[in-house]
Q: 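Once you've had a glance at the structure underneath, I'll fire off some questions.
Counting convention: from 1, in listed order, for ligands and their atoms alike. Here, residue 1 is the first one in the sequence, and each next residue gets the next number.
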Amino acid sequence: MKKLISVVVPLFNEEKGIKKFLDRELMPALETIQEEIEIVIVDDGSSDKSLDEIKYSEANKKLTIRIISFTRNFGKEIALTAGMREARGDAVIMIDADGQHPANEIHRMLEKWHQGAKVVTAVRNQNTTKHRLGSKLYYMLMRIAGDKNVKEGEMDFRLLDRVVVDEFNKLAEHNRLTRGLINWLGFPQEYIKVSTKDRTTGEPSYNLRKLITLAGDSVVSSSRIPLLIFGYIGIGIMLLSGCTGLFQLIQEYILLDPMHLQWGGGVAVSLFVAFLVGIVLISQSITSIYISQIHAEVKDRPLYVVDKEKSVDLNDEKE
Ligand code: UDP
Ligand code: MG
């Protein structure tokens, strides 16, 4: 039986470029592929004519396209998640709709997959995009946050085997970053180097501000280091003031100041206060770690809401 490949495309207000992407990039890239293809487009609450553009495209005549439409904009990461849940393929490829990901590299991903790779990620050859500074900063933060696996230039253009997709679909957290989660799953990854293009039409919706928020979010969601930092500071203060206090106690009040430091009561009180501050910081850090874990547990809302009226299997409409 022929295998099925799903191509997941997150889409948000791409009316100017989506047709070109489907007809001139994705379709030619998929023509040479032996497997069956299904395209899953996740419309992330687009408010423009993107959906009509898809219906009028050449690709719609030749390929199997399904559209999952959200009721509002939930963000690209959630759109990718929905796409993975809807995809039925033996392998799932995710690719952006703005033409920045070179669709003609898909056959290289599939080659690796045929050789047994479970995850194939595209890595930027050199950083040609405009927010070079932004992405540098982003990767720096990610590494500080403890996600050491994140590779610079890693793109959201990747292939996942069915076993990986099934595991991925079990992850239910809200604050999610696809690449972080895939790293977390721990399957061995293979990389292909590709060169990227600048966005052909429309505006990138990740500006620097968004990038920084995203980085901040991933720091908090991917590690507890920010919570632990204050605990460490607390331990430091406590040890330092505790030792100094002990020193003063022995030196001044037991041995009666043989070093003639004459620190007196003021210093003793300060050291005691510092010691207490240390304890407070430690206990606060412990509390916040508990809260963060509870927070992770109670996130029980669905990740997104599908607009059933707008979601269509374009193949059904053809008949
Ligand atoms: N996108 C989306 N939801 C959003 C923002 C973007 O589904 O809220 C889609 C967008 O249509 C494109 C992809 O995600 O297919 C990448 O978006 P963009 O080019 O804005 O981001 P960048 O290339 O900077 O990562
Ligand atoms: Mg882009």
Q: Are Trp263 and Phe247 an aromatic pair by the rule of ring centers under 6.0 Å?
A: yes

Q: Considering distance alone, does some N or O of Val42 sit under 3.5 Å from an N or O of ligand 1?
A: no

Q: To which of Met155, His101, Gln100 does the heavy atom nearest atom 23 (O) of ligand 1 belong?
A: Gln100

Q: Please determine whether a side-chain nitrogen of the Lys or Arg among Lys112 and Glu190 lies less than 4.0 Å from a carboxylate oxygen of the Asp or Glu.
A: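 Here Lys112 pairs with Glu190 in a salt bridge, since their nearest N and O are under 4.0 Å apart.
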
Q: Side chains of Glu14 and Ser50: is there a donor and an acceptor less than 3.5 Å apart?
A: no

Q: Between the main-chain N or O of Gly89 and the side-chain N or O of Ser6, is there a donor-acceptor pair closer than 3.5 Å?
A: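 Yes, the answer is positive, given that a donor and an acceptor are paired below the 3.5 Å cut-off.
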
Q: Applying salt bridge (Lys or Arg N to Asp or Glu O under 4.0 Å), run through Glu15 and Lys19 and close with a yes or a no.
A: CA-CA 8 Å; Glu15 62 176 5; Lys19 211 160 122 197; over 6 Å; no

Q: If you measure every N or O of Ala79 against every N or O of ligand 1, does any of those distances drop under 3.5 Å?
A: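 Between Ala79 and ligand 1, no N or O pair is found under 3.5 Å apart.
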
Q: Ring-plane angle category for Phe157 and His101, please: parallel below 30°, perpendicular beyond 60°, tilted otherwise.
A: parallel

Q: Taking 2.8 Å as the cut-off, does Asp98 contribute an N, O or S atom near the Mg ion (ligand 2), distance below it?
A: yes

Q: Within a distance under 4.0 Å of any heavy atom of Ala97, pick out the atoms of ligand 1 and give their elements.
A: 12 (C), 15 (O)

Q: Using a strict cut-off of 4.0 Å, indicate which atoms of ligand 1 neighbour a heavy atom of Asp44.
A: 2 (C), 3 (N), 4 (C), 7 (O), 8 (O)

Q: Output all residues satisfying side-chain hydrogen bond (donor to acceptor under 3.5 Å, both in side chains) with Ser285, sequence neighbours left out; order by chain, then residue number.
A: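 Here no residue qualifies.
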
Q: Under 4.0 Å from any heavy atom of Glu14, which atoms of ligand 1 are there?
A: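 Ligand 1 atoms under the 4.0 Å threshold to Glu14: 10 (C), 11 (O), 12 (C), 15 (O).
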
Q: With heavy-atom distances below 4.0 Å as the criterion, list the atoms of ligand 1 near Asn73.
A: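 Checking each atom against Asn73, I get 3 (N), 4 (C), 8 (O).
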
Q: Against heavy atoms of Asp98, which atoms of ligand 1 measure under 4.0 Å?
A: 18 (P), 19 (O), 23 (O)

Q: Should you measure from each heavy atom of Leu11, which atoms of ligand 1 turn up under 4.0 Å away?
A: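 Answer, ordered by atom number: 7 (O), 11 (O).
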
Q: Show the atoms of ligand 1 that are less than 4.0 angstrom away from any heavy atom in Gly75.
A: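 Atoms satisfying the 4.0 Å criterion: 3 (N), 8 (O).
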
Q: Check this for me: does any side-chain nitrogen of one of Lys3 and Glu36 sit under 4.0 Å from a carboxylate oxygen of the other?
A: no

